[in-house]
Number of protein chains: 2
Amino acid sequence: MRPESRATGQKAASFIEEARRAQIIECAVETFAELGFVATSLARIAERAGISKGVISYHFAGKAELMDQIVEQVYREIAGFVLLRMEGETTATGALRANIRAVAVYMRDHPTHLLALGEIFKNVRTADGKRRYGTAFNEPVYEARAEMFRQGQRSGELRSFDARVMAITVQAAIDEMFAYWVTYPEHDLEAHADELADLFEHATRAEHPGGTADR
Amino acid sequence: MRPESRATGQKAASFIEEARRAQIIECAVETFAELGFVATSLARIAERAGISKGVISYHFAGKAELMDQIVEQVYREIAGFVLLRMEGETTATGALRANIRAVAVYMRDHPTHLLALGEIFKNVRTADGKRRYGTAFNEPVYEARAEMFRQGQRSGELRSFDARVMAITVQAAIDEMFAYWVTYPEHDLEAHADELADLFEHATRAEHPGGTADR
DNA sequence: CTACTTTCTGGCCATGCGGCCAGAAAGCAG
DNA sequence: CTGCTTTCTGGCCGCATGGCCAGAAAGTAG
């Protein structure tokens, strides 16, 4: 007998099981990225993986769990990648530049992961019609970046502004850079990232650097 | 006999016909805004309008034409509203501020229209899997704003930067302001808009105002 | 009134969906 | 080999979808 639900089971999964789960997740990511949320069905994912549709049901409790796994995995992957490349930055401006550049590098190397994440984020809803992964899911990112700005303001490196709005806007700028690049692949992603770093440096830095917060 | 396709017909439509079409479009907008693209079916739209599903088929060639009409109508509405409120602005900075504020006012007054537009934009794809209304649909907006920036750079009002990246980023910042406000309705939209205007003023203005382009 | 057009209803259709399962196949332990 | 577990296939189910249509209803002109 198959376990009541291997997907939610606690037992150590076999090598084969883990490999299959990883393969299915990867194929699902590609399908979401290529066809979009609406056109991505379990049948299409199975087709891309070269397996029967039932295999997905065997390894995952359902489509919802599959998407949960994608979100969790990709999110962790990005966070690790970006945070690693921000280490050692001491100034807020430097940290922000490293942040933007790191995300741009990740975009270039794993565009499908980000596309799939976006499709799932924007379309999955709970039974009551509300977003499953809302803007609220970005809270940690917003708050971390806002805190970075506030620290820069306290040290006098940055001018006075609403740290939260700035944090939100940085994320928006990064996301749109990705969307634009996906539409126009010949667009220079690295140049765009540097331009964004300049943009926000001008937007945030104190008018008379060296002093404390300017007003 | 019903006309071969009233939806695409050229004849002057009757009052009743126009009223029905308008009602259906409005109900469709509300449904897209409230339930999202995935959960919006012709049946649900008809239910909200209190009519039979067949009425939609009678007045529109299909779901695709309905969505086309929504996009066209809302797009025209926004463009007219915003452009009207930018008239008379002579400086790039002033025009940008007026632009951002106007969009914020429109958001406050017609959130469902913008939500529906977003749902349709992000999810409708053609048969070959490509976006029907892609980032390319924003081209006119991007280009107009970029040209505004270039003019400001020529006059020495603005510093040197990539006008296109700046135009894209402004749009992203505005869109995210809306998304954030929808998630947190108590968020102060007007203050956010003013904060954005300040942000981009700092990001774009020349370091030594009064001269010509700075480098 | 009748004759005709416009508008609407209710239901049918083929399609594709996610979920599920009986049993085949494969792998493994004795 | 046999017996057991894990993994997979192929197909079936109920359901919702967009599109479609026959005919009813409402409106209008003569």
Side-chain angles (χ1 to χ4, degrees), chain A residues 1-9 11-24 27-28 31-32 35-69 120 123-127 129 132, chain B residues 1-9 11-24 27-28 31-32 35-69 120 123-127 129 132:
Chain A
M1 271 302 135
R2 73 175 61 83
E4 62 175 39
S5 176
R6 169 50 46 95
T8 56
K11 292 204 280 187
S14 72
F15 283 130
I16 294 179
E17 161 120 21
E18 272 312 308
R20 260 285 186 262
R21 281 178 68 98
Q23 180 205 11
I24 292 170
C27 289
T31 309
F32 276 115
L35 304 180
F37 183 87
V38 176
T40 295
S41 63
L42 295 183
R44 287 198 202 256
I45 297 171
E47 184 187 12
R48 181 178 295 257
I51 58 179
S52 165
K53 204 178 55 162
V55 185
I56 301 179
S57 295
Y58 179 75
H59 290 284
F60 296 88
K63 201 184 186 185
E65 198 220 330
L66 213 199
M67 295 189 292
D68 263 352
Q69 293 294 318
I120 294 172
N123 285 298
V124 176
R125 305 218 176 188
T126 53
R132 170 93 166 75
Chain B
M1 268 304 138
R2 71 174 62 83
E4 63 173 40
S5 176
R6 171 46 47 96
T8 56
K11 292 204 279 188
S14 72
F15 283 129
I16 293 180
E17 161 120 21
E18 271 313 308
R20 259 284 186 262
R21 280 178 70 97
Q23 179 206 12
I24 292 170
C27 289
T31 310
F32 276 115
L35 303 179
F37 183 88
V38 176
T40 296
S41 63
L42 295 184
R44 287 197 203 258
I45 296 170
E47 183 187 14
R48 181 178 294 257
I51 58 178
S52 165
K53 204 179 56 163
V55 184
I56 302 179
S57 296
Y58 178 75
H59 289 283
F60 296 88
K63 200 185 186 184
E65 197 220 329
L66 213 198
M67 294 189 293
D68 264 351
Q69 293 294 318
I120 293 172
N123 285 298
V124 176
R125 306 219 175 187
T126 53
R132 171 93 166 75

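Protein chains get the first letters and strands the later ones, always in sequence-line order, with residue 1 at the start of each. What you are looking at is a predicted structure, and each value in this text was computed from that prediction instead of being measured. Every heavy atom of this structure was used, including side-chain atoms; hydrogens, water molecules and symmetry mates were not.
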Task: Nucleotide dC20(D), atom C1' - distance to CZ of F60(B) in whole Å - done: 17 Å

- [ ] Consider the side chain of I51(B), meaning its heavy atoms from C-beta on, and name the nucleotide among dT9(C), dG19(D), dG18(C) that approaches it most closely.
- [x] dT9(C)

TODO: Measure distances between side-chain N and O atoms of K63(B) and base N and O atoms of dG19(D), and say whether any donor-acceptor pair falls under 3.5 Å.
DONE: no

Task: Distance in angstrom units between E65(A) CD and dG19(C) P, rounded - done: 11 Å

Task: Contact under 4.0 Å: Y58(A) side-chain N or O vs dT7(D) OP1/OP2 - done: yes

Task: Polar side-chain atom of R44(A) near backbone of A39(A) as donor-acceptor pair, under 3.5 Å - done: yes

Open item on the list: Keeping E47(A) on the side-chain end and A43(A) on the backbone end, is there a donor-acceptor pair under 3.5 Å?
Closed with: no

Task: With sequence neighbours excluded, residues passing salt bridge (Lys or Arg N to Asp or Glu O under 4.0 Å) with R48(A) - done: E30(A), E34(A)

Open item on the list: Between R20(A) and dC8(D), is there a contact of a side-chain N or O with OP1 or OP2 at under 4.0 Å?
Closed with: yes

TODO: Check whether any side-chain nitrogen or oxygen of H59(A) sits under 4.0 Å from OP1 or OP2 of dT6(D), and answer yes or no.
DONE: no

- [ ] Might you point out which heavy atoms bring T40(A) and L35(A) nearest each other, and give the distance in Å?
- [x] OG1-CB, 4.3 Å

Task: Nearest-Å distance for atom pair CZ/P, residues R21(A) and dT7(D) - done: 12 Å

TODO: Take atom CG of L35(A) and atom C1' of dG16(C), then tell me their distance rounded to the nearest Å.
DONE: 15 Å

- [ ] Give, ordered by number, those residues of residues 36-46 of chain B having at least one heavy-atom distance below 4.0 Å to an atom of DNA chain D; if nothing qualifies, reply none.
- [x] T40(B), S41(B), L42(B)

- [ ] Establish, for the pair K63(B) and F32(B), whether the NZ or CZ atom is under 6.0 angstrom from the six-membered ring centre and no further than 45 degrees off its axis.
- [x] no

Open item on the list: Would K53(B) pass as a cation-pi partner of F60(B), given that its NZ or CZ must be under 6.0 Å from the six-membered ring centre and within 45 degrees of the axis?
Closed with: no

Open item on the list: Using a distance-only criterion (donor-acceptor N/O pair, under 3.5 Å, no hydrogens), is the base of dG10(D) paired with the side chain of K53(A)?
Closed with: no

Open item on the list: Determine whether M67(A) and R132(A) satisfy the following criterion, side-chain contact (heavy atoms from CB on, under 4.5 Å), listing intermediate values before the conclusion.
Closed with: CA-CA 11 Å; M67(A) 295 189 292; R132(A) 170 93 166 75; over 6 Å; no

Open item on the list: How many whole angstroms separate atom CD1 of I56(A) from atom P of dT7(D)?
Closed with: 16 Å

Open item on the list: Could you check whether the side chain of S52(B) and the base of dG10(C) have a donor-acceptor pair of N or O atoms closer than 3.5 Å, going by distance alone?
Closed with: yes

